[in-house]
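Worksheet: one structure, shown below.
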Amino acid sequence: MTAVSSCGDGKKEESGDTMVVALGDSVLNLSEVLQQIPRGLEPADSLAMFRAIVETWLQRQVLMSVAVNNIPDMSEIDRMVDNYRTDLILGRYLSILGERNNRPDNRQVEQYYRANADSMILEEPVVKGIFLKVNEKDPNIDKLRQWMREADEEAVDNLEVTGLREATQYEYFQDRWHAWHEVADLVPYRFFDADAFLQSTKDFETSYGGSVYIIHIAEYVGTGEKMPADYAKANIEEMIRRSNVAAGRRKLITDIYRREVDEGRLRGGLYDPETGKLRQTDKKKE
């Protein structure tokens, strides 16, 4: 890549960039190629990727130059491109609006939970606990097992200060609920009946591929039970946020309609844009 980037025979654009290849008015510059190549690759891999990027660009440009002249409905494609661009702009704008002042406060969340708690039922267990993955040859393995079983404040301090030096992965979630599948997916073991497993097991360990996987379950709530309030909170917040975004979008559009009507740029005929209704018309006299 050093050889590629240092070559001085290429055409220099006004920006100071080096042209790699051009087809008609389309130019592929060196910086555009290099920014797609991850750092740290072996030189041979970097060069192979460089060639692949350039070849892909060339093929697209060559095919486009032929396709544009041989597709009869280019006007329809142009219309679709315009619609897609409009959708992207509107989507981005509405996304920005959605990030502003649409987060529900705790009072709203608590009110909703109190009113709907009986209908908020778990479809799978949720758990609190600790997960640890460590090399099976770790000299502290026995201490790690003990600290995982105890899982009190002192044991957690020992885990995080001493025991994690050689740990491959560590997840502490004794302070927040996790869906059981999120924890089970960390372990190369098939839990056939999650509720039965959690009813009978507080500490679990298995080995695979030279690693030991340890789970400590501090608390769990089973399938079919009422969703814990602090677990339901995230779902409720998202639902209320979406509702706020939808309401804000409707108000925004209505306000814009009204302004455009007041300023004379938006005029309704059979359709009234402010009310969204068709206007009544007088029947022609016979």
Side-chain angles (χ1 to χ4, degrees), residues 103-104 106-243:
R103 185 177 181 85
N106 288 332
R107 181 180 56 82
Q108 286 179 292
V109 174
E110 290 169 2
Q111 286 178 345
Y112 184 92
Y113 181 76
R114 285 198 298 269
N116 299 277
D118 290 340
S119 63
M120 302 186 72
I121 304 302
L122 289 170
E123 296 182 358
E124 69 168 314
V126 293
V127 296
K128 291 183 178 181
I130 311 175
F131 167 77
L132 178 67
K133 176 184 176 183
V134 66
N135 191 297
E136 63 183 3
K137 296 181 180 179
D138 190 315
N140 292 316
I141 189 71
D142 289 332
K143 288 183 179 179
L144 293 175
R145 289 187 177 108
Q146 178 185 342
W147 292 331
M148 286 288 288
R149 286 192 300 270
E150 294 171 352
D152 55 18
E153 185 175 347
E154 182 180 354
V156 170
D157 285 343
N158 286 329
L159 275 170
E160 296 182 348
V161 174
T162 305
L164 299 186
R165 294 173 183 170
E166 302 298 329
T168 306
Q169 188 174 0
Y170 171 75
E171 302 288 342
Y172 177 88
F173 52 98
Q174 291 200 118
D175 56 349
R176 63 192 185 280
W177 294 104
H178 274 258
W180 169 243
H181 78 269
E182 296 174 351
V183 179
D185 287 348
L186 299 173
V187 183
Y189 184 87
R190 179 167 294 183
F191 301 91
F192 289 98
D193 187 331
D195 287 285
F197 170 79
L198 292 169
Q199 286 173 7
S200 61
T201 308
K202 185 175 181 181
D203 294 285
F204 172 81
E205 179 180 320
T206 188
S207 299
Y208 180 80
S211 294
V212 175
Y213 300 78
I214 307 173
I215 301 175
H216 171 76
I217 303 298
E219 297 180 62
Y220 94 96
V221 180
T223 303
E225 297 187 48
K226 188 166 66 176
M227 196 176 290
D230 47 348
Y231 180 74
K233 180 179 178 181
N235 295 331
I236 296 171
E237 283 183 344
E238 178 61 17
M239 185 192 63
I240 295 176
R241 188 194 69 79
R242 290 184 180 182
S243 177

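Treat the numbers as computed from the prediction; the structure is a model and nothing was measured. The residues of the chain are indexed from 1 along the displayed sequence.
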Separation between CZ (F191) and CH2 (W180), nearest 0.5 Å, reads 4.5 Å
Sorted by chain and number, sequence neighbours left out, salt bridge (charged side-chain N to carboxylate O under 4.0 Å, His left out) with D157 holds for none
OH/Y170: more than 12 non-hydrogen atoms of other groups inside 6.0 Å: yes
Which pair of heavy atoms, one from K226 and one from D118, lies closest together, and at what distance? CD-OD1, 4.1 Å
Donor-acceptor pair, side chain of D195 and main chain of G222, under 3.5 angstrom: no
From CD (E124) to OG1 (T223), nearest 0.5 Å: 7.0 Å
Passes side chain to side chain contact (heavy atoms under 4.5 Å, CB included), L132 versus W147? Steps please. CA-CA 11 Å; L132 178 67; W147 292 331; over 6 Å; no
Minimum-distance pair of heavy atoms, taken over all atoms of M148 and D203: O-OD1, 3.8 Å
Do the non-hydrogen side-chain atoms of R149 and I214 ever get within less than 4.5 Å of each other? no
Tightest non-hydrogen contact, residues N135 and I141, listed as O-CD1, 4.4 Å
Interatomic distance, M239 atom CE to N116 atom CG [nearest 0.5 angstrom]: 7.0 Å
Keeping the roles fixed (side chain from T201, backbone from L198), state whether a donor-acceptor pair exists under 3.5 Å. no
Considering non-hydrogen atoms only, spot the tightest contact between R176 and Y172 and give its length. NH1-O, 2.9 Å
Partner set under side-chain contact (heavy atoms from CB on, under 4.5 Å) for E219, not counting sequence neighbours: K128, W177
Can you check whether L186's main-chain N or O pairs, donor with acceptor, with Q169's side chain at less than 3.5 Å? no
In chain order, what residues pass the side-chain hydrogen bond (donor to acceptor under 3.5 Å, both in side chains) check against S207, with sequence neighbours excluded? none
Taking all non-hydrogen atoms of both residues, which atom of Q174 and which atom of A218 are closest, and how far apart? OE1-CB, 3.3 Å
Between NZ of K233 and CE of M227, what distance do you get to the nearest 0.5 Å? 15.0 Å
What closest approach, in Å, do V127 and Y220 show between heavy atoms, and which atom pair accounts for it? CG1-CB, 3.8 Å
Over 60° means perpendicular and under 30° means parallel, so classify the ring planes of F131 and Y213, tilted if in between. tilted
Considering only NZ, NE, NH1 and NH2 on the basic side and carboxylate oxygens on the acidic side, decide whether R145 and D142 come within less than 4.0 Å. yes
For side chain to side chain contact (heavy atoms under 4.5 Å, CB included), just list the numbers for L122 and Y231, CA-CA rounded to whole Å, side-chain angles, deciding distance to a tenth of an Å, and then say yes or no. CA-CA 10 Å; L122 289 170; Y231 180 74; 3.9 Å; yes
Not counting sequence neighbours, which residues clear side-chain hydrogen bond (donor to acceptor under 3.5 Å, both in side chains) with N235? List them please. none
Pair Y112-M120, side chain to side chain contact (heavy atoms under 4.5 Å, CB included): steps then yes or no: CA-CA 11 Å; Y112 184 92; M120 302 186 72; 4.3 Å; yes
Qualifying residues under side-chain contact (heavy atoms from CB on, under 4.5 Å), relative to E225, sequence neighbours excluded: V221
State which residues pass side-chain hydrogen bond (donor to acceptor under 3.5 Å, both in side chains) with E150; sequence neighbours excluded, sorted by chain then number. Q146
In Å, rounded to the nearest 0.5 Å, how long is the span from CD of E205 to CG of L144? 10.0 Å
